[in-house]
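What you see is a predicted model, and the numbers here were worked out from it, not measured in a lab.
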Amino acid sequence: MKIICDGLDLSDAVLKVSKALSVKASNPVLEGIKITAKGETLSLLATDTELTIEKKIKADVLMEGETVVVGKYFVDFAKKLEKEQVELSRLFDGQLQIKYSDSESELQVFPAESYPKIEKEEGSAFFEIKQKDFKDVVEKIAFACSTDDSRPILKGCLFEIENNLLTGVALDGFRMAVVKKEVFASSDMKAVIPARALNEITRLLENDDELIKVYLQKNTLYVEIENTVFISRLIEGEFVKYNHILPTSFENVVTVNRQALLSSIERAAIVARNDRYNVIKFDIKEEGMGILAKSEVGTVNENVNINLQGKDLVIAFNGKYISEYLKIVDEDFINLNLNTAIDPCIITSARDSEFLYLVLPVRISA
């Protein structure tokens with residue numbers, strides 16, 4: 001194998017595929033990036049068997065071939081070659097030779113035959129969505145996924161499509177985010193996609209108004225964006241029946257300025273973070289809503305102006321769960337829809353009917 005390519009193109013490609021590199025894998029070859037030179041392209045591929053990313057760049061291929069280079073070193077090395085023309089050669093002694101300017105270096109490689117075979121067949125079931133809408137869906141739900149390995153299904157987001165309406169859902173047992181978007185789909189479908197995969201896809205999207213096509217086949221997600229192929233395993237299992245969790249009516253509706261509430265919660269969180277559950281108390285009255293936090297560090301007691309439809313109520317939340325939602329929403333005012341101090345709170349905005357957020361309260365002593 002012998003090729004010549006632009007250093008900036010190489011660095012960009014290596015950085016993109018490195019997101020799928022396995023760390024401390026039982027099979028060392030999974031810590032490598034597979035390099036394939038064929039025709040007029042150089043293909044770089046990395047996988048941890050759950051997530052696969054392949055990027056192709058233009059290259060002057062002098063001799064076709066393939067090899068697997070140790071990933072973490074190749075990533076760091078490629079970053080330093082962005083202003084160079086780079087020549088890559090597979091040497092007979094099993095090293096990858098890298099020539100640039102008047103210099104050359106060598107990196108350890110693995111035999112390409114030992115690298116896993118990656119299936120890239122497109123499936124028949126797919127949906128199309130604008131890139132900006134896809135990013136919006138992921139931003140509004142992926143943060144609510146669980147990071148706990150004890151319930152793997154909750155480490156993913158449910159994508160459910162019926163009659164060209166996508167419903168995205170994520171929850172971790174304490175909060176839930178639900179968002180809806182119009183899409184074009186080849187058929188109705190349902191899949192649980194790892195949050196990690198969704199976040200990595202959004203990083204590849206650069207043209208907001210262009211469509212992307214997402215294929216779902218045989219427990220696999222497949223996306224091709226320009227010269228990048230992205231493959232991820234789907235999470236198997238039955239997702240939570242989220243519709244059963246949502247209250248259908250509310251005794252109290254609190255309308256509050258989003259930024260005023262966020263600023264108050266962030267100040268209260270400085271004190272509350274010394275508490276295991278980051279407890280912040282909301283003392284809701286017609287004349288205003290008290291934001292209260294107390295720990296051995298100190299006490300915060302602020303008042304936020306509100307409009308209340310209903311009756312007085314004292315309820316407490318993990319401040320982190322409320323502030324994370326408030327940072328995502330781009331609205332002046334939001335509604336806290338409440339029943340009792342132990343029932344779920346549904347947060348919505350007047351303008352964005354596509355998005356709702358459920359958060360469970362923290363039980364406190366009277």
Side-chain angles (χ1 to χ4, degrees), residues 123-147 151-202 205 208 211-217 219-223 230 232-250 321 324-326 328-331 334-337 344-360:
S124 56
F126 70 88
F127 68 91
E128 289 182 323
I129 183 172
K130 281 188 175 182
Q131 292 189 16
K132 64 181 178 182
D133 289 340
F134 186 89
K135 287 191 283 189
D136 188 57
V137 169
V138 175
E139 181 183 22
K140 287 179 175 176
I141 63 174
F143 76 99
C145 284
S146 175
T147 57
R151 297 188 70 185
I153 195 74
L154 299 186
K155 296 181 74 174
C157 299
L158 173 68
F159 272 45
E160 187 174 40
I161 299 176
E162 292 184 2
N163 299 319
N164 292 318
L165 180 65
L166 165 65
T167 302
V169 185
L171 58 96
D172 64 3
F174 302 98
R175 44 139 174 219
M176 178 172 71
V178 181
V179 66
K180 296 180 183 293
K181 287 286 183 185
E182 294 286 343
V183 299
F184 172 78
S186 62
S187 61
D188 290 350
M189 64 190 76
K190 183 190 296 187
V192 182
I193 305 171
R196 175 194 173 199
L198 292 170
N199 286 322
E200 292 299 340
I201 292 172
T202 62
L205 304 179
D208 281 355
L211 294 171
I212 62 166
K213 185 180 286 189
V214 180
Y215 292 90
L216 301 173
Q217 179 197 33
N219 298 318
T220 302
L221 173 147
Y222 175 98
V223 181
F230 186 98
S232 172
R233 284 191 185 178
L234 301 175
I235 301 177
E236 298 184 48
E238 189 68 26
F239 200 78
V240 176
K241 297 186 184 301
Y242 64 94
N243 282 324
H244 297 177
I245 303 172
L246 296 171
T248 56
S249 61
F250 302 96
Y321 295 158
E324 285 185 343
Y325 165 84
L326 295 174
I328 289 173
V329 179
D330 184 21
E331 300 286 343
I334 53 104
N335 294 329
L336 307 179
N337 303 280
C345 169
I346 301 290
I347 311 180
T348 58
S349 69
R351 292 192 306 161
D352 189 358
S353 59
E354 296 177 333
F355 181 35
L356 67 84
Y357 183 66
L358 177 149
V359 60
L360 297 179

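Taking CD1 of Ile141 as the reference point, atom CG of Leu158 lies at 8.0 Å (rounded to 0.5 Å). Distance CD1/Ile193 to CG/Leu216: 6.0 Å, rounded to 0.5 Å. The structure places CZ of Phe134 at 13.0 Å from CG of Leu211, a figure rounded to the nearest 0.5 Å. Asn337 contributes atom CG, which lies 10.5 Å from atom CG of Leu358 (distance to the nearest 0.5 angstrom). Atoms CG and OG, from Leu198 and Ser232 in turn, are 8.0 Å apart once rounded to the nearest 0.5 Å. Rounded to the nearest 0.5 Å, atoms CZ (Arg151) and CD1 (Ile235) are 12.5 Å apart.
Between Tyr325 and Val359 the shortest side-chain heavy-atom distance does not fall below 4.5 Å. Counting heavy atoms from C-beta on, the side chains of Leu171 and Val240 come closer than 4.5 Å. By the 4.5 Å heavy-atom criterion applied to side chains, Phe355 and Thr348 are not counted as neighbours. Tyr222 is not listed as a side-chain neighbour of Phe230, based on a closest heavy-atom distance of 4.5 Å or more. Side-chain contact between Leu221 and Ile201: present, with at least one pair of heavy atoms (C-beta onward) separated by less than 4.5 Å. You'll find the side chain of Ile153 stays beyond 4.5 Å of the side chain of Glu238, heavy atoms only.
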Taking only distance into account, with no hydrogens and no angle test, what donor-acceptor pairs under 3.5 Å do side-chain atoms of residues 125-132 form with protein atoms, sequence neighbours excluded?
residue: Gln131; atom: OE1; partner: Glu206; partner atom: N; Å: 3.2
residue: Gln131; atom: OE1; partner: Asn207; partner atom: N; Å: 2.9
residue: Lys132; atom: NZ; partner: Asp209; partner atom: OD1; Å: 3.2

Under 3.5 Å donor-acceptor pairs involving side-chain atoms of residues 175-185, not counting sequence neighbours:
residue: Arg175; atom: NE; partner: Asp172; partner atom: OD2; Å: 3.0
residue: Arg175; atom: NH1; partner: Glu324; partner atom: OE1; Å: 2.7
residue: Arg175; atom: NH1; partner: Tyr357; partner atom: OH; Å: 3.3
residue: Arg175; atom: NH2; partner: Phe143; partner atom: O; Å: 3.2
residue: Arg175; atom: NH2; partner: Glu324; partner atom: OE1; Å: 3.1
residue: Lys180; atom: NZ; partner: Thr167; partner atom: OG1; Å: 3.1
residue: Lys181; atom: NZ; partner: Asp136; partner atom: OD2; Å: 3.0
residue: Lys181; atom: NZ; partner: Glu354; partner atom: OE1; Å: 3.2

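Cys157 and Ala170 get closest at one heavy-atom pair: SG-CB, 3.9 Å. Smallest separation of non-hydrogen atoms from Gly173 and Leu360: O-CD1, 3.4 Å. When all heavy atoms of Ser186 and Met189 are compared, the closest pair comes out as OG-CE, 4.1 Å.
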Given Thr220 and Leu234, is the side chain to side chain contact (heavy atoms under 4.5 Å, CB included) satisfied, shown in steps? CA-CA 5 Å; Thr220 302; Leu234 301 175; 5.7 Å; no
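Applying the side-chain hydrogen bond (donor to acceptor under 3.5 Å, both in side chains) test to Asp208 and every residue at least two apart in sequence or in another chain returns Lys135.
The main-chain N or O of Asn163 is found under 3.5 Å from a side-chain atom of Asp188 such that the two form a donor-acceptor pair.
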